[in-house]
Amino acid sequence: MTKYSLAAVVFLYTLLSIGSYIDRNNYDVPLYVNFISFVAFSFVGVSFYYFCASIVDRKIKFEPILFIIIIYTVFEIWFFNFLIKEIGTDRDEIYELFAISPLPSIIKYAVYDYIVSCLINLYFIFRAYKLFKTTPLIISQDKKEGIYFKWINLLFFINFAVILALMVQVILVLFDIGSLDITFTIEPIVYTVYFFVFVYSLMYFPVFAFTGDYNDLPKEVKSKYKNSSLNDSVELFNKIDKLVTEEKMFLSPELKINTLSEKLKTSVPHISQAINENKQVSFSDYVNSFRIIEAKKRLLVKKPDTIFAIAIDVGFNSKATFYHAFKKLTNTTPTEFRKKNFTS
């Protein structure tokens, strides 16, 4: 699903760049092209959020999001038709309306709609950023990987800052401060540059750092192990399993795939390969399965600790990560599990 969500993000940014370019150069194309571009802008945030969630293996409740999208799309279609009836389809006349000070009421409504779109985008981009900040990494980063993550974090801030700046600009226009010409001039340039930087960065994004899954390794790294020298993954897996369970290494929130690699003096991809082949799960799910088993025991005592305390004790670094793993592996929440299974 990550590939599909990435394709959606790239597609939306492409439509946005095309629409901005048309506006800037006053090309005589049907107005519905601009309308499609504007709708694309409205959904950049939610598609970006879904893409980030798919990277860090977080399931999203799609029903509320889908409902919002449908309702907002229906409103946008109605509003677009309403604007056409009120102001016509002549581009020169439309641009003149945007240049009038104070803005005509009908143009103000269009600006309000743009502000709402900005707020929706800002909300989902912030949520996407929180996902990245609260999801623990499975491997220790080397210098090169650390740079990639810094780039991604910087892209979050740039995206947020650009949309916030555009929103502030149009708000100022509502109070007869500034001009929409600035927005029309800067927006296509900024988004075109941002679009290419964004796509380039994602090409090298180390997804493996979140999942610990051999299949998520970068192609250039994975190709080195195409003809893997690991002849007996069973033997290596038994060593991994013994280390993780008998020494209870899974209780440490600092446990990363690099830790096992160093202790067993074998490569990180070989560790992941052994787990994948013998348990058919990623490193993250493998380790979390032991943590959840331990958490279940602690949840069923007569006077259990708080869920947060249990989460920390069994090796999770946050309550949110614990809830996500528990739900993923048991199809229920810690609270629901205790209510269903606790016997006094």
Side-chain angles (χ1 to χ4, degrees), residues 2 49-50 52-62 64 124 126-141 149 152-153 156 206-213 216 240-263 268 271-272 275-276 279-344:
T2 302
Y49 171 63
Y50 173 54
C52 294
S54 63
I55 282 182
V56 301
D57 194 27
R58 292 289 182 91
K59 291 183 178 179
I60 308 173
K61 293 181 180 179
F62 290 99
F124 281 108
F126 176 72
R127 288 192 62 185
Y129 173 73
K130 283 189 66 177
L131 273 181
F132 268 63
K133 295 298 289 184
T134 58
T135 301
L137 296 176
I138 300 303
I139 66 170
S140 301
Q141 299 177 46
F149 274 99
I152 292 296
N153 285 326
F156 277 112
V207 178
F208 180 74
F210 281 113
T211 64
D213 191 334
D216 288 331
I240 295 170
D241 204 49
K242 183 177 181 180
L243 197 62
V244 172
T245 57
E246 290 189 9
E247 296 187 20
K248 294 195 173 182
M249 292 183 67
F250 63 86
L251 293 177
S252 170
E254 301 302 318
L255 175 62
K256 292 179 171 60
I257 201 167
N258 307 67
T259 312
L260 300 179
S261 175
E262 291 169 5
K263 282 186 173 289
V268 166
I271 297 289
S272 179
I275 294 173
N276 290 169
K279 296 295 287 186
Q280 290 76 51
V281 295
S282 66
F283 170 80
S284 177
D285 286 345
Y286 168 70
V287 172
N288 285 342
S289 65
F290 296 113
R291 291 171 174 168
I292 298 303
I293 291 172
E294 185 66 26
K296 286 179 178 180
K297 296 176 183 176
R298 303 190 185 205
L299 285 167
L300 295 181
V301 300
K302 286 190 176 181
K303 293 183 179 180
D305 292 331
T306 63
I307 290 178
F308 177 71
I310 292 174
I312 299 301
D313 287 344
V314 300
F316 291 96
N317 61 0
S318 74
K319 187 175 177 180
T321 307
F322 173 56
Y323 261 88
H324 168 66
F326 200 99
K327 180 76 173 179
K328 181 179 180 180
L329 297 177
T330 67
N331 203 31
T332 188
T333 66
T335 304
E336 290 169 347
F337 170 80
R338 188 168 190 275
K339 287 180 180 179
K340 184 178 179 180
N341 296 280
F342 181 73
T343 55
S344 54

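- For Ala311, the side-chain contact (heavy atoms from CB on, under 4.5 Å) partners are Phe316, Phe322, not counting sequence neighbours.
- Of the inter-residue distances, the one linking Ile257 atom CD1 with Ile275 atom CD1 reads 5.5 Å to the nearest 0.5 angstrom.
- For the residue pair Lys296 and Thr330, the shortest heavy atom distance occurs at CE-CG2, 3.6 Å.
- A search for side-chain contact (heavy atoms from CB on, under 4.5 Å) contacts involving Leu243 returns Glu247, Met249, Leu260, Lys263, Leu264, not counting sequence neighbours.
- Partners of Lys319 under the side-chain contact (heavy atoms from CB on, under 4.5 Å) rule, at least two apart in sequence or in another chain, are Ile307, Phe308, Tyr323.
- Annotation for Lys279: atom NZ does not count as buried by contact number, only 12 or fewer foreign heavy atoms lying within 6.0 Å.
- Ring planes of Tyr49 and Phe124: tilted class, angle from 30 to 60°.
- Side-chain contact between Leu255 and Arg291 is present, with heavy atoms from C-beta onward closer than 4.5 Å.
- The shortest non-hydrogen separation linking Ile312 to Ser318 is CD1-N, 4.3 Å.
- Counting only heavy atoms from C-beta outward, the side chains of Leu299 and Phe326 approach each other to under 4.5 Å.
- To the nearest 0.5 Å, atoms NZ (Lys339) and OG1 (Thr333) are separated by 8.0 Å.
- For Asp241, the side-chain contact (heavy atoms from CB on, under 4.5 Å) partners are Phe237, Thr245, Tyr286, Phe290, not counting sequence neighbours.
- Expressed to the nearest 0.5 Å, how far CG of Asn288 lies from NE2 of His324 amounts to 8.0 Å.
- Shown here are the side chain to side chain donor-acceptor pair (under 3.5 Å) partners of Thr332, two or more places apart in sequence or in another chain: Glu336.
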Walk me through whether Leu251 and Asp313 qualify under side chain to side chain contact (heavy atoms under 4.5 Å, CB included).
CA-CA 7 Å; Leu251 293 177; Asp313 287 344; over 6 Å; no

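- Within the 4.5 Å cutoff, the side chain of Asn276 has no heavy atoms near those of the Val281 side chain.
- Checked against salt bridge (Lys or Arg N to Asp or Glu O under 4.0 Å), Asp305 has no partners two or more places apart in sequence or in another chain.
- A pairwise comparison of heavy atoms in Arg338 and Val301 identifies NH2-O, 3.2 Å as the closest pair.
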